[in-house]
> 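Sharing a structure below in structure tokens format, with a few things to ask.
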Amino acid sequence: MSESLKSILISQATLVNEGESRVADVLIQNGRIAKISDNIEADADKVIDARGLTLLPGMIDDQVHFRDPGLTSKGDIATESKAALAGGTTAFMDMPNVKPTTTTIENLEAKYKIGAEKSWVNYSFYFGATNDNIEELKKVNPRNVCGVKVFMGASTGNMLVDREQALREIFTYSPTLITTHCEDTPMIQAQEAKYREQYGEDVPMEAHPEIRCREACYKSSSFAVDLAKQTGADLHILHLTTAEEMELFEPGPVEGKKITAEACVHHLWFTEEDYATKGAYIKCNPAIKKQSDRDAIRQAVREGRIDIIATDHAPHTDAEKQNKYFTAPSGLPQVQQSLSALLDMVHDGVFDLHTVVQKIAHNVAIRYQIEDRGFIREGYWADLVLVDMNKPHTDDKEHILYKCQWSPWEGHTFKSTVIGTIVSGELKYYQGEFAEFTPGQRLLFNR
């Protein structure tokens, strides 16, 4: 796969897009979707016979940690975006808690240069808010930056924003969408002290959802929602994990909402019972909790209280994950498996395929106001993924592309397989092979 293609004809795929399914041809020219029709007669550099395959808009992952710059022993934009490409993701938005932190415009633009050199797929990077960088935050360009990230809870990278006045200023003056990690740090620290007194350093991994407790999640999330209502801020709360938090959000379509919510694939899949076998491999913040919480989040996806599904992809080395509770880092890699996991949920009747497409592509494009992406529409960029809904594949180390070389799904046989991924009109992954590297594009936003 080394050819440079100016035109691609996808023939007789089952398109799943904007609530409808149909068999059609799609002609791609110069990076964009030129025509969608029942039967297209046109010369193209490449014709893909897609009979029996399903064509979806590529996943736009609004929350990843690809570790560039400064934490690249765990992963980097090149390795992790390549894994994302193989998993059917065509764009990502990366978090600011790296080294140096992305908390100045200078550091933000330096990170964009890395993306332009290393990313296989399209990309955007968050500006990180702190207790004291409000003047720098005001300089963020909403046209070419996905959003502002606020850690309203203990996190990697010393970026906790815990002063109410600072939060109020961020919510009042942010020039773009605010995304938040919501956990109450003092409540977590109290729980840590309690468990350390009982177990010393040998705290069982099963205690993680009690330490990163549901009360800490709700206290912080509800405060963020209240603050957004008071200030009129555009707020998007990330990786929600409790049934109680679902009541903070309105059901229904994402259009017109000022306060929205995200769930992550691992919180839709795993439950606290999985700590017994997975241990630190599923330790993440906020924590995976009870099956009743997972079921409530799934219901919230169906109702539209949860508007977006993402990954919070956060690789750590296997050696780091072997540590005891307090030193084993939180986070798990999943961009290569995330779409396959969601398609398993379709097979299992948890969601229908239209809901998945809405939450991983359409709603992300709407909420972030992404320009010309997130839909299979004539004139839009061709960011597409071809999947065989009925071709199983097993997740194993041999095929894992992450730098950390492990996955929380190892050994699981998924019911569907990503066949090909097209990014801005380029066929970059097809039938297990990668094209010669070309960089993705910086996302633009209609703001």
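Source: prediction; values computed, not measured.
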> So is R442 actually on top of Y112's ring, under 6.0 Å and inside 45° of the axis?
yes
> Short question: side chain of K359, backbone of V301 - any donor-acceptor pair under 3.5 Å?
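Yes.
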> Relative to F434, does K428 satisfy both conditions: NZ or CZ under 6.0 angstrom from the six-membered ring centre, and within 45 degrees of the ring's axis?
no
> Start with the C-alpha distance between D352 and R302, add both sets of side-chain angles, then the distance that settles salt bridge (Lys or Arg N to Asp or Glu O under 4.0 Å), and finish with yes or no.
CA-CA 9 Å; D352 61 51; R302 293 187 287 264; over 6 Å; no
> May I ask you to establish whether K283 and Y325 are in a cation-pi arrangement, using a distance under 6.0 Å from NZ or CZ to the six-membered ring centre and at most 45° from the ring axis?
yes
> Within the 4.5 Å heavy-atom criterion, are L177 and V148 side-chain neighbours or not?
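Result no, sub-4.5 Å side-chain heavy-atom pair not found.
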> Decide yes or no on side-chain contact (heavy atoms from CB on, under 4.5 Å) for W381 and N122, but give the supporting numbers first.
CA-CA 11 Å; W381 288 103; N122 303 321; over 6 Å; no
> Verify the distance criterion only: is there a donor paired with an acceptor across the side chains of T90 and D383 at less than 3.5 Å?
no
> Can you confirm whether D61 sits close enough to V335 that some side-chain heavy atom of one is under 4.5 Å from a side-chain heavy atom of the other?
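SC-SC contact between D61 and V335 confirmed.
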> State whether the number of non-hydrogen atoms from other residues, nucleotides or ligands found under 6.0 Å of K278 atom NZ is greater than 12.
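Correct, the count exceeds 12.
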> Tell me if the CD atom of E255 is crowded by more than 12 foreign heavy atoms within 6.0 Å.
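Yes, enclosed.
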> Compute both the distance and the angle, then confirm whether K149 meets the cation-pi test with F151: under 6.0 Å from the six-membered ring centre, within 45 degrees of the axis.
yes
> Any non-hydrogen side-chain atom of F223 less than 4.5 Å from a side-chain atom of M152?
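Yes, their side chains come closer than 4.5 Å.
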> Report yes or no: do T130 and D132 form a side-chain donor-acceptor pair below 3.5 Å?
yes
> Under the criterion salt bridge (Lys or Arg N to Asp or Glu O under 4.0 Å), which of K111, K403, K118 is the partner of D68?
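The passing option is K118.
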> Can you confirm if the NZ or CZ of R447 lies within 45° of the ring axis of F445 and under 6.0 Å from the centre of its six-membered ring?
yes
> Are K290 and E273 close enough for a salt bridge, meaning some N to O gap below 4.0 Å?
no
> In terms of side-chain heavy atoms, does E262 have a donor or acceptor partner in Q63 at a distance below 3.5 Å?
yes
> Give a yes or no on whether the backbone of C146 and the side-chain of S124 come within a donor-acceptor separation of less than 3.5 Å.
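Present.
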> Taking atom types as modelled and ignoring hydrogens, do the side chains of T260 and R367 form a donor-acceptor contact shorter than 3.5 angstrom?
yes
> Among side-chain atoms of D312 and H65, is any donor-acceptor pair under 3.5 angstrom?
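Side chains of D312 and H65: pair found under 3.5 Å.
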> With the threshold set at 4.0 Å, does a side-chain nitrogen-carboxylate oxygen contact exist between R67 and D76?
no
> May I ask you to say whether K74 pairs ionically with E320, meaning some side-chain N is under 4.0 Å from a carboxylate O?
yes
> Regarding S416 and H347, is there a side-chain donor-to-acceptor distance under 3.5 Å anywhere?
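Judged by distance alone, the side chains do pair up.
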> Could you tell me whether a side-chain N or O of R163 sits under 3.5 Å from a main-chain N or O of N131, the two making a donor and an acceptor?
yes
> Using the benzene-type ring in the case of Trp, are the ring centres of Y402 and H313 under 6.0 Å apart?
yes
> Can you tell me which residue pairs pass the ring-ring contact (aromatic ring centres under 6.0 Å, His included) test with a partner in residues 275-297, sequence neighbours excluded?
Y281-W406
> Tell me if a side-chain donor or acceptor on H208 pairs with a main-chain N or O of I288 at a distance below 3.5 Å.
no
> Under 3.5 Å, is there a donor-acceptor pair between the side chain of K321 and the main chain of H316?
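Checked: no pair found.
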> Do the non-hydrogen side-chain atoms of E410 and D396 ever get within less than 4.5 Å of each other?
no
> What I'd like to find out is whether the side chain of L401 reaches to under 4.5 Å of the side chain of T79, using heavy atoms alone.
no
> Has K397 got more than 12 heavy atoms of other residues, nucleotides or ligands less than 6.0 Å from its NZ?
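Above 12, so yes.
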> Between N133 and T103, is the side chain to side chain donor-acceptor pair (under 3.5 Å) condition met? List the steps.
CA-CA 7 Å; N133 71 343; T103 51; 4.9 Å; no
> Donor-acceptor pair, distance only, cut-off 3.5 Å: does the side chain of Q191 make one with the backbone of E210?
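Yes; at least one donor-acceptor contact below 3.5 Å.
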> Suppose we call two aromatic rings close when their centres sit under 6.0 Å apart. Are H239 and H181 close by that rule?
yes
> For the residue pair T102 / N107, report whether a side-chain donor-acceptor contact shorter than 3.5 Å exists.
no
> Could you check E201 against R196 for salt bridge (Lys or Arg N to Asp or Glu O under 4.0 Å), going step by step and ending with a plain yes or no?
CA-CA 6 Å; E201 296 303 309; R196 186 176 260 118; 3.0 Å; yes
> Looking only at the side chains, is there a donor atom on one of S221 and E245 sitting less than 3.5 Å from an acceptor on the other?
yes
> Go through the steps for I308 and Y368 under the test side-chain contact (heavy atoms from CB on, under 4.5 Å), then give the verdict.
CA-CA 11 Å; I308 289 171; Y368 282 81; 4.2 Å; yes
> If a pair satisfies ring-ring contact (aromatic ring centres under 6.0 Å, His included) and one of its residues is in residues 242-270, list it, with sequence neighbours excluded.
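Output for this query lists W269-W409, W269-H412, F270-W409.
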> Is a side-chain N or O of D274 found less than 3.5 angstrom from the main chain of A276, in a donor-acceptor match?
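A pair under 3.5 Å: no.
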> State whether R214 and E244 are salt-bridged, where the test is any N-O pair (Lys NZ or Arg NE/NH1/NH2 against Asp/Glu carboxylate O) under 4.0 Å.
yes
> Are the side chain of T89 and the backbone of L85 linked by a donor-acceptor contact shorter than 3.5 Å?
no
> Would you say S407 and Q336 are linked by a side-chain donor-acceptor pair, where the criterion is simply a distance under 3.5 Å?
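S407 and Q336 do not have a side-chain donor-acceptor pair below 3.5 Å.
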> Is the shortest heavy-atom distance from the side chain of I170 to the side chain of V161 under 4.5 Å?
yes
> What do the steps show when you test C182 against Y218 for side-chain contact (heavy atoms from CB on, under 4.5 Å), and what is the final call?
CA-CA 8 Å; C182 288; Y218 186 84; over 6 Å; no
> Do the side-chain N and O atoms of Q230 and R168 include a donor-acceptor pair separated by under 3.5 angstrom?
yes
> Under 3.5 Å, is there a donor-acceptor pair linking the side chains of D307 and H236?
no
> Check L108, D62, V145, D94 against Y126 for a side-chain contact (heavy atoms from CB on, under 4.5 Å) and give me the one that passes.
D62
> Side chains of D184 and S220: do they bring a donor and an acceptor to under 3.5 Å?
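No.
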> Is there a side-chain contact between M93 and F125 (heavy atoms, below 4.5 Å)?
no
> Can a side-chain donor-acceptor contact be found between R373 and Q441 if the only test is distance below 3.5 angstrom?
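A pair is found: one side chain offers a donor N or O, the other an acceptor, under 3.5 Å apart.
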> Give a yes or no answer on whether the side chain of K415 reaches the backbone of T413 with a donor-acceptor pair at less than 3.5 Å.
no
> side-chain contact (heavy atoms from CB on, under 4.5 Å) between Y430 and I419: does it pass, once the steps are laid out?
CA-CA 6 Å; Y430 189 60; I419 301 299; 4.0 Å; yes
> Side chains of R212 and S330 only: does a donor on one sit below 3.5 Å from an acceptor on the other?
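Distance-only check fails for R212 and S330.
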> Answer yes or no: does atom CD of Q322 have more than 12 heavy-atom neighbours from other residues, nucleotides or ligands under 6.0 Å?
yes
> Which one of D395, D344, T311 satisfies the side chain to side chain donor-acceptor pair (under 3.5 Å) criterion with Q337?
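With Q337 as partner, D395, D344, T311 yield a single side chain to side chain donor-acceptor pair (under 3.5 Å), made by D395.
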> Could you tell me if the side chain of L353 sits less than 4.5 Å from the side chain of T54, heavy atoms only?
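Answer yes - side chains close enough.
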